[in-house]
Structures are given as C-alpha cells and as structure tokens.
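Have a look at the structure below, then the notes.
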Amino acid sequence: MSDQLEHEDEQDLPEQIAIRLEKRERLNKLNDAYPVALPITHSIGEVRAAHPDLDVDVATGEFVGIAGRVMFQRNTGKLCFATLQAGDGQRIQAMLSLDKVGEEQLELFKELVDLGDHLFVEGEVITSKRGELSILVNSWKMAAKTIRPMPNLHNELGEEFRVRHRYLDLIVRDRAREVVKIRAQVMASLRKTFTEDRFLEIETPMLQTIHGGASARPFKTHSNAFDTELFLRIAPELFLKRAVVGGIDRVYEINRNFRNEGADRTHSPEFAMLEAYEAYGDYNSIADLTQKLIQNAAMDVFGTHQVVLEDGTINDLGGVWPRISMFESLSEACGQKITPETPIEDLKKLAKSVDIDIEHPLHGKYVEELWEHFVKDTLVQPTFVIDFPVDTSPLTRNHRSKPGVVEKWDLYIRGYEQATGYSELVDPVVQRERFVEQVTLAAAGDPEAMKLDEDFLKALEFGMPPSGGMGMGIDRLLMSLTGLGIRETIMFPLVK
RNA sequence: GGGCCUCUAGCUCAGUUGGUUAGAGCAACGGACUUUUAAUCCGUGGGUCGUCGGUUCGAUCCCGACGGGGCCUACCA
C-alpha cells in the first residue's frame, strides 16, 4: 500500500493510481487537469428545480454549464452516460453523443474520465428516452482529475474506513451529509433560542494555567513564550462565571473541551460543550431553559418533538420533563431509605451487596454509584434528576431547604447523562472551603481533584449574583436527536 | 489499564482442518455497442493474505511479539 505519489515510487503504486496519473499528464498536455475557473451557469440542484417533471424525450432548448463529480459511467459505443453529483448530493445525468461532441472528444472522454473525477459539461437540458433529466453535452472539460479510485459505491463502507476517510464517506453516503447538516441546524437553533432569551455568546480560554470547572484529567502542554505549563481546558465554567461577575448576566459558550480520559461510544477526548449562566436564575429556571433549548432544536430541525432515531425507535422529547429526587428515587428503587445522614458504612454494605466494587472516601460518591446502579437504566424519557450529594458537587450551592444536598440536576435522556445544571455557588468563603476540600483530596491521590484557582475566588469575592448554570454535551445532544454514536456526530473524530 | 475478537486486491467480502497457481462482485485495462440507470457482452491484468520472528520438508493458515481496528470492562460528559 502506498500513501505517497512520489515519482520514484511510481513502479510500486497500485495499478489504478498509476493509470490515473498518466491520464492527468495527458489532460495537462491537452489543456489542464485542474482548471482554475469554469463557465458554470447553474448548480445541479437549480437545473433539477427548474425542470421538476418533464415528459419523456423532451428537448427544452435551454443550455446550461454545470459541474459535478462523476459517480457512475455507462459508456456505450457512440452514446455515453455519466451521473454527476454535486456536493449536496444532487445528481444529474450527462449524455455525450457522437453527433454532438464529435469523435475526438467522445474518445477522449472515454479514455480520460474516471469515476470520481470532477467534470464540467455544457449542453442542452433534455430528458432521455427513459425520462431521466439529462444534459445533452455539447462540450466537456475536466474540472479536477481524481488520482485515487473511489470506493465501491455498491457496498457499505466499513465504520473505520468511514471515520478515517470522512471526505469519501460524505461523497458516497447521503446520511453522512445529512448528519453534517443536522448538526449545523442544531447549532443554529441553540443560538437562536439563546438570542431570543437575550443570552450573549462569548469565547473563553482553551489554554489555561489552572484547569477547573469539572473533575477530569487534562491534556498538558507547554508555552515557550511564558515558559510555563498549560492545560487544555476541561470546562469553561470558571471563566463564564467571571463574565457573570463582570455583569454579563446571561452568557453562554459553545466550544470544545478536552479531557484526557477513555474514548468509547459516548466519550471523545475532545468534545463540544455548551455552558450557559443566568444571573438571578437558579437550577429550576436553568432546567426550563435546557428543556426549551432541546425541544426547540428538535422542532427547528425535525419539525417534531418525537424524533426518529437511527434504529427506527422514537425518542419522545415532548411535554414537561419530570424532575425526580436522587435520594428519593434511589430509596424507592433499592427498598431502603437513603438520606444524606445514612451512615457511609450502610452505603458501603449496600454497594457490596449489589457488586459495586469501589473504595472512596466520599459519602456522595456511594450515593451516586448506587443511584446509577438502581435507577439510571430505568430512565428512558427525558428526566431531570435533582438534589445531589454536597460532597461531590464542589461548585454548587447548598439546597435552600434540604440539608446535605445541593441544588444540582443531571438530565438523563435514554439512559445517557445529557446535561447538568446548578444553582451556582456564589459565596466566596464557602467556595474556598470546597476548593480546599478538593485540594486535600488531590493530596490524597485523587488526580481529578481541582487546583485552587485564586483568581476565580478573587472574582467571586467581588460578588457574583445568584445564578443558575448548565452544561450540555453538544455531541451527545446530536446522539439523542439521531441515535448515532459519538464518532458519527463528530465529523472528524480523533483516530490513532 | 484489564479481558475477548479481528486485519486477505482500490472498496465490500469469501477461502485455505498447513501442500503446486489464494477467489467473487464492483473498480481498472483491451474489445463490441447511439437511450443507459450498479448498463450489458467477450477477454486481460492486479495480492509481501497487517509487520517481524518462531515451529515445520513446506506458513496467508499454527505459536509469539509488535502495530491498526472492534467489543466488553474501569475512569470521565
């Protein structure tokens, strides 16, 4: 297998590449295998739209110049057919007949044009005797010569091949193009909803001297100019909150986060994250907003809250999503009352009895593990799980009335954690205490625990208004809306 | 990180219980064909069977290491 097209290697090239390189040479001698400009008058889609239902064997008298990628060729002796495809997947047939283009041009077409080439044709819009909308070609020109053969269009491409050659996947597979479009439309819908609610989009640092705002292992890098260690951000949270301190009362960011953790069907080392903060909101108002963002996206993109997933099942995103208490739903599911006061020894015993094998200093960690074991998989419809343990949520405000829990929710859709929201902790003294607890954990060997971000604490000391905040994985939102794996919702996922 | 599976032509895949020359469809090459729709028909070429090593008279096949990929599992969203 050769990945280089250097001349000295030409003898070792796959046969088909060597042949196409010769054709490229011939095209360059005749004219140009890669012309800079072509007299295109219409897109393929425009030609199709202008002639939606012509009768069989019609000549319109309209002449157009179009370009597209050759997807199929059917060359007979004196009449050749080529199916041209535009970038958006629209196709039209080109017909080259001996009496229109002449013997020389017809021969050159047969000799030099391969599947995959970008071709320009100029001619009359007609329908064939079988009724296919076609361009009856007067002249043709190579628009861009392809050196490598296209993959076989009649077999499904393997998943690995598709991920590693997304450009081919996009040419060959309608669904791949659709997903790109859906993603763009979802992004537009999210921004539209935010704009309607008077949120401002900002961009905060991706290179950070201290990583914070989540618990995850960061990617490390180094700045030559500052001669200092830098981290790719694991979350934008602490900067967005600085913005709220500064008076950007409704603020959001959609951008990439990086986490040096495992990759699987629902995790990618870099992933698009949405975070939003609303001054004078709380975890209830931000839950309302989250539901609205997702429902608007489904409606804007698919025209319904009942979205059809890849496997044909329907994901019903409609209605008001239930909010269930973590402690209450766990108590109900496991058959014994679990509260923040339940001794950790009892939790450990319960965990052991259902084969949850963890050893952790935090009470809340056991509660969350037990909840995931007993309740998580039973949630299919979108559900806000509210009121989390305090000791695993260092950036969240204590519950206004329930002791031992914080005002935090996780949104679950079809068993996936889709988003998380808080009544944000804004008391700088409590925040410092929580950070110190984290640092103590770090010293105890917990690599995910946060470092103390003094500048962030200073910002809080200048006063952050009471706020609701949320974070949502964009790639996961796409998964919920389409049923695809994360490697299909990300156009170019990381591959080794 | 741990366990299991996988890698054969440009693409999708057969196959060899270890034996002379590794197959198919599409793609390519030569030829025929003025209405095809994955065009058809006749003919031809194309492979370091992931890489390296071992066992063997003989390895694409068995064994080992390495590399790529997948699934399960652990951590994270």
Side-chain angles (χ1 to χ4, degrees), chain A residues 1-2 12-20 22-23 56-57 70-83 91-101 106 110-111 114-116 126-134 136 146-165 168-169 172 213-218 234-235 256-275 356-358 360 365 369 410-413 416-420 446-448 470-477 479-480 485-487 495-496:
Chain A
M1 228 180 290
S2 168
D12 300 329
L13 286 175
E15 179 196 28
Q16 298 194 39
I17 292 180
I19 289 166
R20 283 170 180 242
E22 282 166 27
K23 293 179 181 180
V56 166
D57 203 11
V70 178
M71 301 304 283
F72 296 108
Q73 273 188 110
R74 296 169 291 279
N75 289 348
T76 69
K78 299 184 179 65
L79 181 63
C80 297
F81 303 86
T83 303
R91 292 179 175 181
I92 199 163
Q93 176 170 269
M95 294 168 62
L96 288 92
S97 74
L98 177 64
D99 48 340
K100 288 287 177 195
V101 300
L106 191 66
K110 286 197 232 180
E111 286 172 17
D114 287 307
L115 289 183
I126 64 157
T127 52
S128 71
K129 284 180 182 166
R130 294 289 174 85
E132 180 82 26
L133 187 66
S134 308
L136 183 58
T146 312
I147 295 310
R148 290 184 185 264
M150 297 287 284
N152 179 358
L153 288 169
H154 315 303
N155 298 114
E156 295 251 312
L157 295 174
E159 205 261 349
E160 187 194 349
F161 187 89
R162 296 210 317 260
V163 168
R164 287 183 186 275
H165 305 85
L168 292 176
D169 190 30
V172 159
S215 61
R217 284 150 69 195
I234 57 175
R256 224 71 61 79
N257 286 350
F258 306 86
R259 297 189 182 176
N260 208 343
E261 311 270 358
D264 60 28
R265 202 183 144 73
T266 60
H267 296 87
S268 174
E270 60 174 307
F271 62 102
M273 186 75 176
L274 160 63
E275 285 201 14
I356 299 173
D357 189 23
I358 54 161
H360 204 275
K365 184 74 179 170
E369 289 287 335
D410 273 359
L411 171 62
Y412 280 85
I413 299 180
Y416 291 129
E417 193 182 334
Q418 175 68 70
T420 188
D446 184 349
E448 291 162 11
M470 64 85 92
M472 174 160 68
I474 296 290
D475 316 294
R476 287 219 176 154
L477 175 59
M479 292 165 69
S480 291
I486 201 164
R487 274 154 57 103
V495 283
K496 251 190 359 184

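So that the names make sense, note that chain A is the first sequence line, chain B the second, and so on, each numbered from 1.
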side-chain contact (heavy atoms from CB on, under 4.5 Å) involving A/Leu136 - partner list, sequence neighbours excluded:
A/Met95, A/Ser97, A/Lys100, A/Ile126

Just N and O in the side chain of A/Lys129: are any of them under 4.0 Å from OP1 or OP2 of B/rU35?
no

I need the CZ-P distance between A/Arg20 and B/rC11, as an integer number of Å.
13 Å

Within this structure, what is the NE2-to-C1' distance between A/His154 and B/rA27, rounded to whole angstrom?
9 Å

Listed by chain and number, what are the side-chain contact (heavy atoms from CB on, under 4.5 Å) partners of A/Glu160, not counting sequence neighbours?
A/Arg164

Looking only at the side chain of A/Leu79 (C-beta and beyond, no hydrogens), which of the listed nucleotides B/rU35, B/rG25, B/rA28 gets closest?
B/rU35

Decide yes or no, distance alone: a donor-acceptor N/O pair under 3.5 angstrom between the base of B/rG10 and the side-chain of A/Asn152.
no

I want to check one thing: is the phosphate of B/rU34, taken as OP1 and OP2, less than 4.0 Å away from some side-chain N or O of A/Lys110?
no

Partner residues of A/Glu270 under the salt bridge (charged side-chain N to carboxylate O under 4.0 Å, His left out) criterion, sequence neighbours left out
A/Arg256

If stacking means aromatic ring centre less than 5.5 angstrom from the base's six-membered ring centre, planes under 30°, is A/His267 stacked on B/rC76?
yes

Should stems be defined as at least three consecutive Watson-Crick or G-U pairs with both distances under 3.5 angstrom, which of them involve RNA chain B?
B:1-7 with B:67-73, B:10-13 with B:23-26, B:28-32 with B:40-44, B:50-54 with B:62-66

Contacts of A/Gln418 that satisfy side-chain contact (heavy atoms from CB on, under 4.5 Å) - sequence neighbours left out
A/Ile294, A/Leu411, A/Ile413, A/Met472, A/Arg476, A/Leu477, A/Ser480

What nitrogen or oxygen pairs link the protein and nucleotides 72-74 of chain B at under 3.5 Å?
none

From B/rU12, B/rA39, B/rC29, nucleotide with atom closest to A/Ile19 side chain
B/rC29

Residue set satisfying ring-ring contact (aromatic ring centres under 6.0 Å, His included) with A/Phe81, at least two apart, ordered chain then number -> none

Between B/rC11, B/rU34, B/rA27, which nucleotide has the shortest distance from any of its atoms to the side chain of A/Leu115?
B/rA27

Among B/rC11, B/rC33, B/rA38, find the nucleotide with the atom closest to the side chain of A/Phe72.
B/rA38

Sequence neighbours left out, what passes side-chain hydrogen bond (donor to acceptor under 3.5 Å, both in side chains) with A/Asp114? Give chain and number order.
A/Lys23, A/Lys145

Among the candidates B/rC11, B/rA27, B/rC76, find the nucleotide nearest to the side-chain atoms of A/Asn155.
B/rC11

Is it the case that B/rA27 (base atoms only) and A/Gln16 (side chain only) share a donor and an acceptor within less than 3.5 Å, ignoring hydrogens and angles?
yes

With sequence neighbours excluded, what pairs up with A/Thr127 under the side-chain contact (heavy atoms from CB on, under 4.5 Å) test?
A/Leu54, A/Val58, A/Leu133

Write down the distance separating the C1' atoms in B/rC13 and B/rG1, rounded off to the nearest Å.
34 Å

Side chain of A/Glu15 only, please: which of B/rG45, B/rA28, B/rA38 is the nearest?
B/rG45

Go through the structure and list residues passing salt bridge (charged side-chain N to carboxylate O under 4.0 Å, His left out) with A/Arg487, not counting sequence neighbours.
A/Glu159

Which nucleotide in the set B/rA28, B/rU35, B/rU37 lies at the smallest distance from any side-chain heavy atom of A/Phe81?
B/rU35

Collect all protein-nucleotide pairs involving nucleotides 1-4 of chain B in which both atoms are nitrogen or oxygen and the distance is under 3.5 Å.
none

Do any N or O atoms of the protein come closer than 3.5 Å to N or O atoms of nucleotides 68-70 of chain B, and which pairs are they?
residue: B/rG68; atom: OP1; partner: A/Lys496; partner atom: NZ; Å: 2.8
residue: B/rG68; atom: OP2; partner: A/Lys496; partner atom: NZ; Å: 3.2
residue: B/rG68; atom: O3'; partner: A/Arg164; partner atom: NH2; Å: 3.1
residue: B/rG69; atom: OP1; partner: A/Arg164; partner atom: NH2; Å: 3.1
residue: B/rG69; atom: OP1; partner: A/Lys496; partner atom: N; Å: 3.3
residue: B/rG70; atom: OP1; partner: A/Arg487; partner atom: NH1; Å: 3.3
residue: B/rG70; atom: OP1; partner: A/Arg487; partner atom: NH2; Å: 2.7

Quick one: A/Gln73 CD to B/rU40 P, roughly how many Å, whole number?
14 Å

Where the side chain of A/Arg259 is defined as all heavy atoms beyond and including C-beta, which of B/rU34, B/rC76, B/rA38 is the nearest nucleotide?
B/rC76

C1'-based separation of B/rC62 from B/rG2 [nearest Å]
26 Å

Reckon A/Ser268 touches a base, only the sugar-phosphate, or nothing at all at heavy-atom distances under 4.0 Å?
base

